[in-house]
Undergrad: 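Below you'll find the structure I mean.
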Amino acid sequence: MAAPADTTVFSDLSTALRKVQELRASVSRVFTGLSEGLKDGTLKANGDKVLLSQLEKNLLAVNSDFSDLQKIASHHHAPPPHYNASLIVLDPVTDRHPLFTQLLQTHKWANKLHEHAALSSHLLQQNLLKRSHTSGIGAMAKKTRRLGSSSHAIPPQAVDSVVQGMDAMYNNMSITVTRPFGQAAVLVVTLAKTLRAVIVLRGLLIEWVSVKGFNEDVYKENKQVDIWSPSKYAVYRKVSDHASSAMLHFYHPLKPELALRSFMLWLHAYVSLFSTPCHKCNKFLVDNLPPTWRDMRFLDAYHENCRTHSM
Amino acid sequence: MPQSCGGRSLNTFNILLTLLLLIRVLSYPVPEGKSGQQTVEALQKQIEVLGATVSSNFTVDCETYGTYQQTSQPQHINILHNSEQPATCFAVLDSGNCLVADLQFDALMNKIKMFYIQKKNARVEAKGLRYEYGDFIIKVGSVVLGQSTSFKGVIVEVEYMPAVVVSECFGLMREFMFSFMPTSVIDATTNHWKTKNDAIYAPQDTVLQYLEHFNNFRKSAVSMMPPMQ
């Protein structure tokens, strides 16, 4: 792309040089004409006139040459500076710039980056555990992707029937369904006279759990379910934390109904939150809290610190 | 009524425990040579050792009104105020029925002077410190009877706020109270929760328990009076 521009620049420069030569020649002609004077002394009478006309001719030639050179010079601009790089060329002391060492380091760094990228891509290819089944290979992956995507796209009627089934299953646990956000169902679970839990579902997958006391209000002033505010009692805040970990424990995108049922069974174990002593230390209170943990499989009551020994 | 003086010495104080969720009225002899104030301070110190922090003071007071006409069976109305519900007034009949009203109810009692008259020297007041310890609220105070400002007994209230049913947290509260009080005190039972063991707690439950303890204080004060000639 830059080649035609370069050639015009070079041709301009060569004509300019030629013009400079011509100018020098014409100027030197003026001075030689003046110094030599008239060669033949025969025409002395008209000698002055001849000399003057010769000088005038020579000066006109100088003038025309100079104006030509000026015209060419006005076309040709000085080249734009190449920022700092062009200045480096001007500096004869090259050792003053750490450019070379910097360049070397950059090369080393780039090599390392390339090496690490290759290693990590190799490792990632080996580990195919991906929650979003977007890049699965083969028929099995296609199957799981189809099932996975359907678990949160369950029609509201199906969710309602599952919840009704669970509501009927337990005597002392009532579940009400509201849909303040459109499709997503929000369950308010009242467990005996012990606690109230707010569960946000996406399809049948549990998205969020918050536990509050029986005497705390789970509805805001505008009758909306209060999902976010934590309980004012330490014991229920702790139970909320445990419920969140249980939610992740029971998470099963392929069998969301089973996961929800398992979670509800686990939550139902909290009916004896205040009346069951710890399975391990046989005490009610440790750190001023009752046994807030329920075993995932056997539903035994444990204090938070006692459960590590139970697992 | 003239009564013979009981076998108690004067430095025996009743320690009455009002437990918000499980009611137990307990009396046990304070060690000889220890004053009531010392007992309260010892209790408070033990609660502070647990790690509880003082949040404020508390007061529960009780005025008693009797029927004006002496001919019929005497009937009483007890008007109680609790600093935990500062804008509320509780009126309790002899039958145990409790009316929960605004503070304006006090003015109403003045209007019906013709029917109910305030009993003199029947005012009972419990005053002390309110502690917070996690989800527990502990109140330790001394009880003052009538016009005298002398110490009549110690009252302890323990509330476990997250629970609403007594039968559920019976063992839990017993264990908690055991950390700062002797078992013999905790295991004596009062009448209030015997019938309402599975009921949901309401503020009047606290007040009824206080009234039960105040009545016991009055009885013990009467029994300690010297017999009239």
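The chains referred to below are lettered A, B, ... by the order of the sequence lines, with proteins before strands, and numbering in each begins at 1.
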Undergrad: If we only count heavy atoms from C-beta on, is the A:F274 to B:P162 side-chain gap below 4.5 Å?
TA: yes
Undergrad: May I ask you to name which of A:L285, A:L289, A:V235 has the most heavy-atom pairs under 4.5 Å with chain B?
TA: A:L285
Undergrad: Side chain to side chain contact (heavy atoms under 4.5 Å, CB included), that's the test. Do A:F214 and B:V165 meet it? Break it down for me.
TA: CA-CA 10 Å; A:F214 183 79; B:V165 179; over 6 Å; no
Undergrad: Please tabulate, one pair per line, the donor and acceptor atoms of chain A and chain B that lie under 3.5 Å from each other, or say none if there are none.
TA:
residue, atom, partner, partner atom, Å
B:Y133, O, A:N288, ND2, 2.9
B:D135, OD1, A:A234, N, 3.0
B:D135, OD2, A:A234, N, 3.3
B:D135, OD2, A:V235, N, 3.0
B:P162, O, A:Y236, OH, 3.3
B:E168, O, A:S275, N, 3.4
B:E175, OE1, A:F284, N, 2.7
B:E175, OE2, A:F284, N, 3.2
B:E175, OE2, A:L285, N, 2.8
B:D198, O, A:K193, NZ, 3.1

